Structures are given as C-alpha cells and as structure tokens.
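Heads up: the structure comes next, in structure tokens.
Remember, it's 1-based here, ligands and their atoms both numbered in the order they're listed. Computed from a predicted structure; not experimentally measured.
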Amino acid sequence: MRSIVTGGAGFLGSHLCDLLIGKGHKVICIDNLVTGKTKNIEHIKSENFTYLKHDITKPVYFGDKIDYIFHLASPASPVDYLELPIQTLKVGALGTYNMLGLAKEHKARLLLASTSEVYGDPLVNPQPETYWGNVNPIGPRGVYDEAKRYAEAITMAYHTHHGIETRIARIFNTYGPKMRANDGRVVPNFINQALKDENITVYGDGKQTRSFCYVSDLIEGIFRLMMSEYTDPVNIGNPTEMTVLEFAERIIEITGSKSRIVYEELPVDDPKVRRPDITRARGVLGWEPKVKLEDGLKETIEFFKRTE
Ligand code: NAD
Ligand code: UDP
C-alpha cells in the first residue's frame, strides 16, 4: 500500500506516518514546513518513507500508484491560522482540490482532516455530526472554519460527482508529544508556563469548555475511519469535557508547579463549549478513546521537559 500524508511533518501527521510505517505502508510525507518541522520525522529511517517538501496549493504528480491520501495539511492552532489567514484558506481550498485531483487520477481513497471548528461556537452540546454549526464567516476564525467547511463540501462533491472514495474526520482538540511549545494552543501554553513556574494565562473567565483527546487515540480513529466504508463525517475526539479553568488547575496539580492563574482577554469568537458526540465513531468504527487525561498529560509533560 502506498499512502500520502499531507502535513506529515506536523504534530498529527508525524504520528500518523509512524503508524502507517509500522503497518507496512510505503509513505510519502508532503509538507511545506509552514508550521511543521523535519525534526518530527527525522527518526523514521525506513526505506518505505519519503519526504517531499512541497506546497500542496500547487499541483503534484506521482507515477507510481497511490492507494490512500491522508490529507492533514493546514495550519491548525488559532495563533497559527490567525497569522496565516490566506495560506489557511488556500490550503483548505486549493490544497484540498489538488489532493482530490490526485485521488481521482490514482483512484485513491482520500481522508480529509476536518475539525470541530465546522461547528463554530456551537449552540448544541455535545455536537453530533448532524449539527450544521454556528460559524461567523467574516470573524477572525472564519479563515479556518470556512476553509474546512469548503474542504468538506468539495470532498463530498468529488465523492458524489466523480465517485471518489472519501472519508471526513472531524477532529476535536488533540494533544500529545510533538506539539510545538509555542503554537499558542492551550495544552502547550499551560504545560510550558507550569514547568517554568510562570503565570498560567486563562483567557476570559475560563468557563469555556474543551474535551481533550490523546494523540495515539486520535490516530487510531483516523486510521480506522480510512479503512472503513463510511463516507459521512465522523467526529473523532474525547467526550470528557472540562472548563479551561479546571484544565489549568489539573496542569498545576500534575506538574506540582508554583504557577498562579491570571486572566487575559478572551479571543474573538472563542467557542464557549466543545464536546464531541462520538456515538457514530463507536458504532461505525468500534472506536473510542482509551487514554486517560492524566496519563496523556504525563507523556506530554515529559516531552516538553525533554525539549526545553
Ligand atoms: P500542525 O500545524 O502541526 O500540522 C499541519 C502541517 O501541515 C504542518 O506540518 C504544515 O507545515 C503543513 N502544511 C500547512 N500548509 C501546507 C501546504 N500548503 N502544503 C504542505 N504542507 C502544509 O497541525 P496539527 O495539529 O498536526 O493538525 C493537522 C490537521 O488536523 C490539520 O488539518 C488540522 O486542521 C486538523 N485538526 C487538528 C486538531 C488538533 O487538535 N491538533 C483539531 C482539529 C483538526
Ligand atoms: N486558552 C487559554 N489560555 C491560553 C491558550 C488558550 O485560556 O494560553 C483557551 C482558549 O481561549 C480556548 C481554549 O483554551 O477557549 C482552547 O484553545 P486552543 O487555542 O487550544 O484551541 P481551540 O479549542 O480554541 O481551537
């Protein structure tokens, strides 16, 4: 089996490359390193692994048959996509279009890494896949949310119109080793602040909720979805919901930090709640997360201690 992983030098993509190599796939990792780094994949010594530095908003061609395209390329952290609004829109639109074209050419199956952000600031909690969302198209987060919503639409159109085999994973907040310490997301921010006994920056009153999935669980869910016969979107995430303030307190407790919590301004359109309804993933994929938050956080904290 020959698989492409776009965004393969990023956080999730590099873990996916590991899993695929472990399963005996030939893997072509495509990344332009806009938010990823080759350090994430330099440990993969297998002759089955190839890295191609390429911006997928430009077309790319392969002679040998491609079987699977795991399409993960996109800035993903709010700080990243607010700094890279046009690149984010382009990779969601043109990048997805190019990868669907490649899938059509090779009769390959394509999995789109979509996001819980398609639900925007949801008015329904938890979010089932049948919920259409509450997105502000012209707000700052719109560049990411609408790019992913467009990516879902074009993926579904290639499926219905061209008969391409497609899968759509709606990924909820995922954490683990290989996140960038400075990507601005809550997990690396809080852990690194706690490790340095610096103030923990809770945005707003901290009552907004998130649900955190450990990376190994997420990657297993993505792989199962690709290998399934299911074409509608599937939420992949951990349904254990907590407030951001509770999360800050857990990080202080687990790290034994002397950090204090300080409150900063809430970013515009920051979703007030987020929790996946994973009934579909349980039913269709026989999947649910296994790693407890405390265990996943310990692994992640060790990673950040090593890379300090
Ligand atoms: P990441 O920033 O670590 O990885 C994204 C990778 O895509 C990077 O290596 C980047 O260099 C690459 N990339 C971006 N634009 C590109 C382009 N035009 N051409 C080639 N490569 C390009 O982010 P991540 O957390 O690993 O997220 C991976 C995917 O999963 C993204 O599509 C993201 O939207 C989705 N997702 C992630 C989460 C999460 O919690 N991590 C949640 C929801 C959705
Ligand atoms: N957040 C926070 N402090 C930080 C970083 C993030 O309170 O230093 C909050 C953020 O406002 C949001 C939640 O934590 O409510 C998760 O933010 P993240 O950037 O990880 O991703 P999001 O879930 O918003 O996409």
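Residue V186 places at least one N or O, backbone or side chain, under 3.5 Å from an N or O of ligand 2. The shortest N or O to N or O distance between S116 and ligand 1 is not below 3.5 Å. Between Q193 and ligand 2, a contact under 3.5 Å exists for no N or O pair.
Remark: distances from the non-hydrogen atoms of S77 to ligand 2 are all 4.0 Å or more. Remark: distances from the non-hydrogen atoms of E117 to ligand 2 include one below 4.0 Å. At least one heavy atom of R141 sits less than 4.0 Å from an atom of ligand 2. Not a single heavy atom of F247 sits less than 4.0 Å from an atom of ligand 2.
In this structure, the protein non-hydrogen atom closest to atom 43 (C) of ligand 1 is I171 O, 3.0 Å.
Closest heavy-atom approach to atom 2 (O) of ligand 1 among the candidates T38, T174, N173, T35: T35.
With salt bridges taken as basic N to acidic carboxylate O contacts below 4.0 Å, one links R170 and E152.
Looking only at atom types and distance, the side chain of Y175 has no donor-acceptor partner in the side chain of R185 under 3.5 Å away.
When each atom of ligand 2 is checked for a heavy atom of T201 under 4.0 Å away, the hits are 2 (C), 3 (N), 4 (C), 7 (O), 8 (O). If you number the atoms of ligand 2 from 1 as listed, the ones under 4.0 Å from a heavy atom of N189 come out as 4 (C), 5 (C), 8 (O).
For the side chain to side chain contact (heavy atoms under 4.5 Å, CB included) test with L102, the passing option among L110, I56, I4 is I4; the others fail.
Proximity of H54 to ligand 1, defined as any heavy-atom pair under 4.0 Å, is confined to the backbone N, CA, C and O atoms.
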